[in-house]
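Worksheet for the structure shown next.
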Amino acid sequence: MPLGSVRPSPLVEQAAARLREQIAGGDWPVGTRLPGETTLAKELGVGRSTVREALRALAGAGLVLSRQGAGVFVIATEPVEDWPTRLRRAAVTDVYEVRMAVEVHAARLAARRRTPEDIAALRAALDRRRAAGTADDAAFVDADIAFHAAVIAAAHNPVLADLFAEFSPVLRESLIELLSLTGLRADDPDTGDEAHEALVRAVADGDAEGAAEVLRGELEDPFAPSRKAE
C-alpha cells in the first residue's frame with residue numbers, strides 16, 4: 001500500500017511512525033531491504049534529512065539495521081523494550097531474584113574494597129534508616145533503599161551501581177505495597193535493624209563472606225517477598 005504524505009510537524013516522528021506501520025503490517029518483512037532515502041522521501045513528502053533521522057529512530061528501536069554499501073534492512077517487526085520498561089512489567093519475584101544476585105555480590109565486594117569514607121556513609125545511612133522508623137512506609141522504604149545503595153557504592157563497581165539504580169523504582173513500589181499489606185512495621189517500626197547493623201559491621205571488619213551471608217539472610221526474611229508467597 002502507498003505510504004501517503006505526512007503533515008508538516010513533527011516530520012521526523014511522523015515519518016518514523018509511517019515506516020513502523022509498514023514494518024509492523026508486514027509490508028516489509030524481516031530481511032527486506034528498504035527503498036532508498038530518495039524514494040522514501042518522495043513517498044512521504046519530506047526531505048531526505050527527515051527520512052535519515054526517521055531511519056535512525058527505527059534503528060534505535062531495533063527495527064532496522066544499516067549495512068554500509070548495501071542499504072537499510074528490516075531486522076525486527078516490533079521495537080525492543082528498553083530496560084526500565086521491561087523492569088516495570090517484570091514480576092516482583094523476578095526483580096527480587098536479580099536484587100539478590102546483585103546485592104549479595106556487592107556486599108562481598110564492599111567488605112573487600114570499602115574505604116573509611118564508605119564506612120562513614122554506611123553508618124550515616126543506617127542512622128537515617130533508624131530515624132525513618134517513626135515515619136510512614138514510603139519514607140522508611142526510601143531510607144532502606146538509600147542504605148542498600150550505600151552498600152552498592154562501597155563495592156566500587158559502577159555496573160552494579162547502575163543495575164541497582166535501574167530496578168530501585170520497581171523495588172520501592174513493591175516494598176511500600178508489601179508493608180502496607182502486611183502491616184509488618186506495626187509491631188516493629190524499624191524492621192530489619194539488627195541485620196542492617198550486622199551488615200555494616202561485617203563490611204567494616206572486611207568480612208566478605210559474612211557480609212554476603214547477612215544480606216542474603218535479610219533478603220530472604222519476610223520483608224522480601226518470595227515465590228512461596230505467590
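The first residue of the sequence shown is numbered 1, and numbering continues consecutively from there. We use all heavy atoms of the structure for the numbers below, so side chains are in, but hydrogens, waters and symmetry mates are not. All of these numbers come straight from a predicted model, not from anything done at the bench.
- Counting heavy atoms from C-beta on, the side chains of L63 and V74 never come closer than 4.5 Å.
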Check against side-chain contact (heavy atoms from CB on, under 4.5 Å), E218 and H148: CA-CA 11 Å; E218 188 226 327; H148 287 270; 3.1 Å; yes
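- Note: L44 CG to L11 CG = 10.0 Å, rounded to the nearest 0.5 Å.
- Annotation: the span from E220 atom CD to L215 atom CG amounts to 10.0 Å, rounded to 0.5 Å.
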Please step through side-chain contact (heavy atoms from CB on, under 4.5 Å) for the pair L126 and D193, ending with a clear verdict. CA-CA 8 Å; L126 181 60; D193 180 65; 4.0 Å; yes
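- Follow the hydrophobic side-chain contacts under 4.5 Å out from L171 and you reach V98 in the same cluster.
- Residue E213 holds its CD atom at 12.0 Å from CG of L199, rounded to the nearest 0.5 Å.
- For the atom pair L219 CG and R99 CZ, the distance stands at 5.0 Å (nearest 0.5 Å).
- Tested against T50 for a side chain to side chain contact (heavy atoms under 4.5 Å, CB included), the candidates L55, V12, L40 yield a single pass: V12.
- The backbone N or O of D188 lies less than 3.5 Å from no partner atom in the side chain of T191, so there is not a single donor-acceptor pair.
- Taking the ring axis of F73 as reference, the NZ or CZ atom of R67 stays within 45° of it and closer than 6.0 Å to the ring centre.
- Looking only at side-chain heavy atoms (C-beta outward), S49 and E53 stay at 4.5 Å or farther from each other.
- Atom CZ of F140 sits about 10.5 Å away from atom OG1 of T134, to the nearest 0.5 Å.
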side-chain contact (heavy atoms from CB on, under 4.5 Å) between V64 and L19, worked out: CA-CA 10 Å; V64 302; L19 296 174; over 6 Å; no
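- At a threshold of 4.5 Å between non-hydrogen side-chain atoms, the residues L109 and L160 count as touching.
- A donor-acceptor pair under 3.5 Å is formed between the side chain of R114 and the backbone N or O of A204.
- Remark: of the listed residues R129, R130, H196, R129 is the sole one forming a side chain to side chain donor-acceptor pair (under 3.5 Å) with D190.
- Put simply, the side chain of S180 never gets that close to the backbone of I176: no donor and acceptor are under 3.5 Å apart.
- Put simply, V30 and V72 are part of the same group of oily side chains (I, L, V, M, F, W, Y) that touch within less than 4.5 Å, one to the next.
- Within a 6.0 Å sphere centred on CD of E194, other residues, nucleotides and ligands contribute 12 heavy atoms or fewer.
- Judged by distance alone, the side chains of H156 and D118 do bring a donor and an acceptor atom under 3.5 Å apart.
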May I have the step-by-step check of side-chain contact (heavy atoms from CB on, under 4.5 Å) for R18 and E21, ending in yes or no? CA-CA 5 Å; R18 290 290 174 83; E21 289 172 5; 3.8 Å; yes
